[in-house]
There are 2 protein chains.
Amino acid sequence: MDGDGVLRIGELSKRSGVSPELLRAWERRYGLLRPVRSTGGLRLYTPADVERVRVMRRHLSDGLAAAEAAALALRADADDQAAPTALRPDAVRDDLADALEGFDEPRAQAIFDRLLAVVTVETLLGDVVLPYLHELGDRWQRGDASVAQEHFASSIVRGRLLGLARGWGLGLGPTAVLACLPGEQHDLGLIAFGLALRARGWRIVYLGADSPIETVEEISRRRDPSLAVLSGVSGERLQPVVPQLRALAGRQRLAVGGAAAANGVLDDSGALALSGDPIAEAARVMALVGDGGEPS
Amino acid sequence: MDGDGVLRIGELSKRSGVSPELLRAWERRYGLLRPVRSTGGLRLYTPADVERVRVMRRHLSDGLAAAEAAALALRADADDQAAPTALRPDAVRDDLADALEGFDEPRAQAIFDRLLAVVTVETLLGDVVLPYLHELGDRWQRGDASVAQEHFASSIVRGRLLGLARGWGLGLGPTAVLACLPGEQHDLGLIAFGLALRARGWRIVYLGADSPIETVEEISRRRDPSLAVLSGVSGERLQPVVPQLRALAGRQRLAVGGAAAANGVLDDSGALALSGDPIAEAARVMALVGDGGEPS
DNA sequence: GGCTTCTGGACAAGAGCTTGACAACTCGCG
DNA sequence: CGCGAGTTGTCAAGCTCTTGTCCAGAAGCC
């Protein structure tokens, strides 16, 4: 499925039939594509970009103006995720919820298998897994779901997500280091975020739950990533480490994700707050890092 | 089918159609091949390497950049492996340690892939993963390994083990419920134990880290397992819950695993102590439950 | 001894990058 | 109809990055 790796502009040109100059022009003028950059500054495109260029061309040959065609191509992209027909996301979600809450691992795995055969990882995350995790969290807070159910479900989802994560350290794109704040055990959102970045061509170094800040510092020195992301669900986790974060943000582009980032605790720390859902934030990060480039 | 001896670079070049200079360049730049060396320092390749070079060439002719093609070839390696040479467990373990401690996820995954093509899950656990985890724990205590290395390595190992665990709830065998004691975050040993039981035909219901005892109780009621296992590395975790365990042991065959079970805290609780290594204990549990049969 | 291989660096061709310009085209309007 | 203004595909110059190839001297192998 995402077996294809990233493409450089020449190859995208060949596959889409659009000259490199024009591809760059479309990017500059309409933001049609927003490729990740390699360490050397080369544009790296994903297979999804090939499709987007195709849509653009189709609209052009329908007689639309370039600006118009680009706008449509960009929107089509969003619609695409909203309408994978055949499968009704909420139905699948209910199905999954039912399986997980009945402690029925085989059935839950089967649902994942069936889904992955039809949709992209991103759709899986955005339409099924993340909404389900939210729902489960809410129900747990209301006392409608037991700790047992929450534990069981998390374990299975974690296993599947980590399975999808295989090989996410590989490739040419920019590198992101991902870790949970000290004391934080909720890692599923962070893994989802990593998968979303991966789908856009990034390389991921994943440290997991409850990581001391020094840990992130060490990796930053060794791998010089384009971005380090710390994640946490509660502000209490964040408060005590803000000074450390400020120091780290001095030498390393830094972001904090999850609900912990929501209330302006980070305001003058130099770290970016990513309090939205993982997929949206991955898209945002793309834009920022793409624009800003690397601070040497 | 294998048995083929090793190849020197000239021979590999002839078979793969890639010049020796280029093969060396690919090794240096992308780590595509990692040949063992003769005593004199000559590179010695296996037939599997021929295949890998072929994959690389195919990706190149698909128009991918060399660096990207190499990355994919390294991952694709997973799918079809021909002849993974003689595998000496300690050598592999060192290799794995090296990859994990260098934060090199792709290489670590490749090592797992190569291993799994030849050995059973049980061998993988017993000869490589568990010893490595022990070693890492020791080094970490001595200060020879950093927290970052420990986190990174755990994440990858956890991902792989959970991947192997897929579908372990399926089947007809006796059911075991597995959970970590409250507050306990070390789940790798428990997962390994689950895999060992699975290899013997059990069904596993896995609850994961930091599980309240009530959680286990709830599942026991709903699934009526043949055994429930709680795991922890330190006795401190165990002490406070002994009364609860005693109560639970009244209606449910119960065991406690990990170092926490070592000192006679459990003596009169009715719970079985499993303080040895996961695989040996899985074998022991088989014998016990096999003998005793199912209570009603 | 003759052929192969090793290391490490160097090199050149080609692909890509950015900035800025430019000509063909479309379109609204007097 | 002709004209200015905006749109859009293409091009160029000067640099950087990537990648296949080459070299020289030392050493291995049969």
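When reading the values below, keep in mind they use all heavy atoms of this one structure, side chains included, and skip hydrogens, waters and symmetry mates. Everything numeric here is computed off the predicted structure, so don't read it as measured data.
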| said: Any non-hydrogen side-chain atom of A:Val205 less than 4.5 Å from a side-chain atom of B:Glu105? | reply: no

| query | Going through the distances and angles, do A:Arg284 and A:Glu281 end up as a salt bridge (charged side-chain N to carboxylate O under 4.0 Å, His left out)? | reply | CA-CA 5 Å; A:Arg284 213 173 115 215; A:Glu281 296 298 18; 2.7 Å; yes

| Between B:Arg28 (CZ) and C:dC6 (C1'), how many Å, whole number? | 11 Å

| task | For B:Arg54 and B:Arg15, work out which heavy atoms get closest and say how close. | result | NH2-O, 3.7 Å

| request: Scan B:Arg43 against the nucleic acid and name what it touches under 4.0 Å (heavy atoms): base, sugar-phosphate only, or nothing. | output: sugar-phosphate

| message | I'd like to know if the side chain of B:Ser13 and the backbone of B:Val18 have a donor-acceptor N/O pair within less than 3.5 Å. | response | yes

| message | Does anything in residues 33-42 of chain B come within less than 4.0 Å of DNA chain C? Heavy atoms only, and list the residues if so. | response | B:Arg37, B:Gly41, B:Leu42

| Quick one: does A:Arg57's side chain have a donor or acceptor within less than 3.5 Å of a partner on A:Ser16's backbone? | yes

| field | Positional range of nucleotides in DNA chain D within the contact set of chain B, heavy-atom, under 4.0 Å | value | D:dT19 to D:dC29

| task | For A:Leu172 and C:dC17, give me the distance from atom CG to atom P, rounded to whole Å. | result | 13 Å

| Hey, is the main chain of B:Phe103 close enough, under 3.5 Å, to the side chain of B:Arg107 for a donor-acceptor pair? | no

| request: Take atom CZ of A:Arg29 and atom C1' of C:dT18, then tell me their distance rounded to the nearest Å. | output: 14 Å

| query | For B:Glu27 and C:dT5, what is the distance between atoms CD and C1' respectively, to the nearest whole Å? | reply | 12 Å

| request: Would you kindly give the CD1-to-C1' distance between B:Ile9 and C:dC6, to the nearest whole Å? | output: 9 Å

| query | Is a donor on one side and an acceptor on the other found under 3.5 Å between the side chain of B:Ser154 and the backbone of B:Glu150? | reply | yes

| In whole angstroms, how far is the C1' atom of C:dC27 from the CG atom of A:Leu64? | 16 Å

| query | Is there a donor-acceptor pair under 3.5 Å between the side chain of A:Arg52 and the backbone N or O of A:Leu32? | reply | yes

| Atom-pair distance (CD on A:Glu21; P on C:dT18), nearest Å | 13 Å

| field | B:Ala65 or B:Arg8, whichever maps to the more 5' nucleotide of DNA chain D | value | B:Ala65

| query | Can you name the salt bridge (Lys or Arg N to Asp or Glu O under 4.0 Å) partners of A:Arg203, sequence neighbours left out? | reply | none

